[in-house]
Amino acid sequence: MTRRPLSGLLAACAAALVLATTTVSAAPLPSTLAADPFGGPGGLRITDEQVRAELRPGEVEALGRPAAEAMARDRIGLRAVQTDYPQTTRTNRFNALTASQAQINAAFDPALVGKFTDYFPTPEFGAHIALLPTGKVLAFSFESVEDNPQKETAPTDVIGHQNAGRAYLWDPAKGSGPAAFKAVPPPVVDMPDGTGEPRPAPFFCAGHSYLSNGMVGVFGGNLGGNGGTGAKLALVFDPWSETWHQEQDMAVGRWYPSVVTGADGRQLIMSGQSELGWGTPTPVIERFPAKGVDLSYTPGDTPDGLPSDRWKTDAPYRMDYPHLFSLRDGKVYGFGRDADQQWSFDPADESRAKLPDRPDGGLRNYGSAVALPGGTAGPDSVLLLGGNRNDRNTYRFAGGTWSVDSQRAFGRTQDDTLILPDGNLFTVNGSYDIRDYGNGPYNPNADLKYRQTELRDAQGRWTLGPVQRLPRGYHSNAVLLPDGRIMVTGDELQQIANNPDIKSGMNGTIEIYEPPYLHRGPRPVLGKVPGGPLDYDASFKVTTSTPSKVKRAVLVAPITSTHSVDTSQRHLELKITGRSGDRLQLQTPPSAKAAPPGYYMLFLLDEAGVPSEAKFVQLAPGS
């Protein structure tokens, strides 16, 4: 999933071995020689059966069987002679991080900066994440091809059945044991890679957002090879039946695309490396479902085999995973990683308009961005954070112009920033670079500062918070749960490097953070909410057993994120228009431009910003 110097070095070594071997091979080696290419007693022995299993049909066809067999032996040999990562090191690392976290965090007041609590293993890395309207969390990634954190674990360049995806559900109501997790593998597909080897869809490094009926649309993935080659996959996960459904393939392959749900309830899909491989980002904008297909707002009404269609204009991003946001004017704003690649997109006429260049100049690595809370009318500004280890500024886009906002304590990449129910921001995770935590690529040892959290208050002031157990950078994620806690997961390199039992099969981890509002006394209570969909600019009633405590009501959109990109996150204030005993009368957002159709968490807050536990409500036009 990365393109790093180490993998390039190994590839170069492999190529040199291949050249040295294939230039002198004119016929298949006798089995007696093929079984011992290194020669001598105690040397590495490779059997004919191993060679046959390693052979790749494409290499046989292109280079002939002798060269293909030589390449197969080279790959087996390289894997065998490379060093492993001992379990003792993993255990010692985990124990050291656990001890240092406890020592450092003892100095922090939870009522001011929050507190890390639970930490437990999971069967999933969590490179992709989505909070579902059922309260469960969908996490998905890939089947690892390596358990040494000093090597690439993802099957980015693998062709065939090992290039496969996987997915799990975590049910927070069931806690942290194995029974809290359920495997929900993606559909088995026969990828167009020439191998004829069906496998669970390799949808890792795709883009995703929520459909108008609360389901999760996932677009793109890994075809395999060439540093990351885009798949045309289009899948939908149904939270109620807990099943995946396959849609018609997109027109182009996408590896690292971004997806956003617009005010019309449809998904706009942009960017991503094409089916030609790394270095060929596609400018094509696709829409799902296609314009002529009716939208469904009904839970459980799962789409099957629906098509996408193409916009009239393009999105010519040079880099992948741009940040996309649907703001209160109904337009989609796309903030590219290059400073000069900033555009707005108008769904009304499928047009694109240039925005001013981002003032920092240059290229941002993967960093977070949030649509800032905008009251009852929805967001009209965006804050970009991180993406540059040398720049601790944050950048606000509002009213068509950029400004430099308040600084964080230090620059970081691969960070995740969340909007809390009280409207404050919380940053967790981060690193020096891709697979680099301050001490070189593929070295799990991290500078302490990258474990440090930060909080931003309503005045824009940042405060350093407690440190997390593991440093988490590339492929890290964080999710606001309905109970107000934060789930932190992701970064397979760190999870593998710090696993006390690498053979357990529980090779991922979840850590729980409690924001400061959970340490400031009793919470308001939210009782009953409407069970059906709510129209826009409409009144609805909820109950509460603590009516005198309730000062605010807010909607917070659930999170679905990857690679520091979350296009769904959103915070809206709701007007409280009436009170009667244990009943509150609230007003929904004014239009779908303020809050695109779908499911939102409803929180009640007291005067100090302490939130109730949330319940999901659905917004749907015409309800």
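Treat the numbers as computed from the prediction; the structure is a model and nothing was measured.
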Exercise. Does Trp462 have its ring centroid less than 6.0 Å away from the ring centroid of Phe410?
Worked result: no
Problem set entry | Between Asp582 and Thr544, a side-chain donor and acceptor under 3.5 Å | no
For this session: Decide if atom CZ of Arg579 counts as having more than 12 heavy atoms of other residues, nucleotides or ligands within a radius under 6.0 Å.
Result: yes
For this session: Indicate whether any N or O donor in one side chain lies under 3.5 Å from an N or O acceptor in the other, for Thr509 and Gln495.
Result: yes
For this session: Indicate yes or no for a side-chain donor-acceptor contact from Trp170 to the backbone of Gly175 under 3.5 Å, with no hydrogens or angles considered.
Result: yes
Problem set entry | Under-4.0 Å salt bridge between Glu242 and Lys136 | yes
Exercise. Do the side chains of Leu306 and Val236 get nearer than 4.5 Å, heavy atoms only?
Worked result: no
For this session: Please lay out, stage by stage, how Arg469 and Phe116 fare under the test side-chain contact (heavy atoms from CB on, under 4.5 Å).
Result: CA-CA 8 Å; Arg469 181 79 55 92; Phe116 281 97; over 6 Å; no
Problem set entry | Distance flag, aromatic centroids of Phe203 and Phe140, threshold under 6.0 Å | yes
Problem set entry | Exceeds 12 heavy-atom contacts within 6.0 angstrom, atom NZ of Lys449 | yes
For this session: For Arg552 and Leu605, indicate whether the former's side chain and the latter's backbone hold a donor-acceptor pair under 3.5 Å.
Result: no
Exercise. Can you check whether Ile512 reaches Val488 side chain to side chain, under 4.5 Å on heavy atoms?
Worked result: no
Problem set entry | Flag side-chain contact, heavy atom, 4.5 Å: Asn393 against Asp360 | no
For this session: Would you please indicate if the ring centroids of Phe237 and His245 are separated by under 6.0 Å?
Result: no
For this session: Applying side chain to side chain contact (heavy atoms under 4.5 Å, CB included) between Arg570 and each of Pro589, Pro558, Pro379, report the one that passes.
Result: Pro379
Exercise. Ser568 and Thr560: side-chain donor and acceptor closer than 3.5 Å?
Worked result: no
Problem set entry | No-hydrogen, no-angle side-chain donor-acceptor test under 3.5 Å, Ser209 and Thr261 | yes
Problem set entry | Test side chain to side chain donor-acceptor pair (under 3.5 Å) applied to Asn429 and Asp416, step by step | CA-CA 6 Å; Asn429 301 326; Asp416 297 285; 2.9 Å; yes
For this session: Go through the side-chain N and O atoms of Ser308 and Arg266 and say whether any donor and acceptor fall under 3.5 Å apart.
Result: no
For this session: Give a yes or no on whether the ring-centroid distance for Tyr256 and Tyr321 is below 6.0 angstrom.
Result: yes
Problem set entry | Lys/Arg N to Asp/Glu carboxylate O, Glu511 vs Arg485, below 4.0 Å | no
Exercise. Quick one: does Thr394's side chain have a donor or acceptor within less than 3.5 Å of a partner on Ser406's backbone?
Worked result: yes
Exercise. Is any NZ, NE, NH1 or NH2 atom of the basic residue among Asp380 and Lys331 found under 4.0 Å from an Asp or Glu carboxylate oxygen of the other?
Worked result: no
For this session: Return the orientation label for the Tyr599 and Phe616 ring planes: parallel under 30°, perpendicular over 60°, tilted otherwise.
Result: perpendicular
Exercise. What class does the angle between the rings of Phe204 and Phe142 fall in, given that below 30° is parallel, 30 to 60° is tilted and above 60° is perpendicular?
Worked result: perpendicular
Exercise. Any sub-3.5 Å donor-acceptor pair from Trp402's side-chain atoms to Pro356's backbone N or O?
Worked result: yes
Exercise. Is there side-chain contact between Leu211 and Pro303, with heavy atoms separated by less than 4.5 Å?
Worked result: yes
Problem set entry | Pair Lys549 + Glu607, salt bridge at N-O below 4.0 Å | no
Problem set entry | Gln468 side chain to Arg451 side chain, donor-acceptor N/O pair below 3.5 angstrom | no
For this session: For the residue pair Val554 and Leu574, establish whether any side-chain heavy-atom pair is separated by less than 4.5 Å.
Result: no
For this session: May I ask you to establish whether Arg337 and Tyr366 are in a cation-pi arrangement, using a distance under 6.0 Å from NZ or CZ to the six-membered ring centre and at most 45° from the ring axis?
Result: yes
Exercise. Looking only at side chains, do Gln414 and Ser431 share a donor and an acceptor under 3.5 Å apart?
Worked result: no
Exercise. Are Arg352 and Phe345 in a cation-pi setup, meaning NZ or CZ lies under 6.0 angstrom from the ring centre and within 45 degrees of the ring axis?
Worked result: no
Problem set entry | Pair Asp457, Asn424: side-chain N/O donor-acceptor within cut-off below 3.5 Å | no
Seminar exercise, completed: Taken to the nearest 0.5 Å, the spacing of Met215 CE from Leu235 CG works out to 13.5 Å
Exercise. Taking atom types as modelled and ignoring hydrogens, do the side chains of Ser623 and Asp535 form a donor-acceptor contact shorter than 3.5 angstrom?
Worked result: no
Problem set entry | Charged N-O contact under 4.0 Å between Asp491 and Arg472 | no
Exercise. Should the ring pair Tyr513 and Phe426 be called parallel, tilted or perpendicular, given that the plane angle runs from 0 to 90° and is split at 30 and 60?
Worked result: parallel
Exercise. Less than 4.0 Å between a side-chain N and a carboxylate O, is that true for Arg408 and Asp415?
Worked result: yes
Problem set entry | Note, Thr413 side chain near Tyr450 side chain (heavy atom, < 4.5 Å) | no
Exercise. With distance as the sole test, does Tyr600 use its side chain to make a donor-acceptor pair with the main-chain N or O of His571 at under 3.5 Å?
Worked result: no
Seminar exercise, completed: Taking every heavy atom of Met319 against every heavy atom of Ser271, the minimum-distance pair comes out as O-OG, 3.2 Å
For this session: Verify the ring-centre separation between Phe219 and His208: is it less than 6.0 angstrom?
Result: no
Exercise. Is there a side-chain contact between Tyr297 and Leu619, using heavy atoms and a 4.5 Å cut-off?
Worked result: no
Problem set entry | Close side-chain approach of Arg456 and Thr463, heavy atoms under 4.5 Å | no
Problem set entry | Ring centre gap for Phe397 and Phe335 strictly below 6.0 Å | yes
Exercise. Going by atom types alone, do Asp537 and Thr588 pair a side-chain donor with an acceptor below 3.5 Å?
Worked result: no
For this session: Determine yes or no for a side-chain-to-main-chain donor-acceptor pair under 3.5 angstrom, with Asn477 supplying the side chain and Ala127 the backbone.
Result: yes
For this session: Decide whether Glu124 and Ser141 meet the rule of one side-chain donor and one side-chain acceptor closer than 3.5 Å.
Result: yes
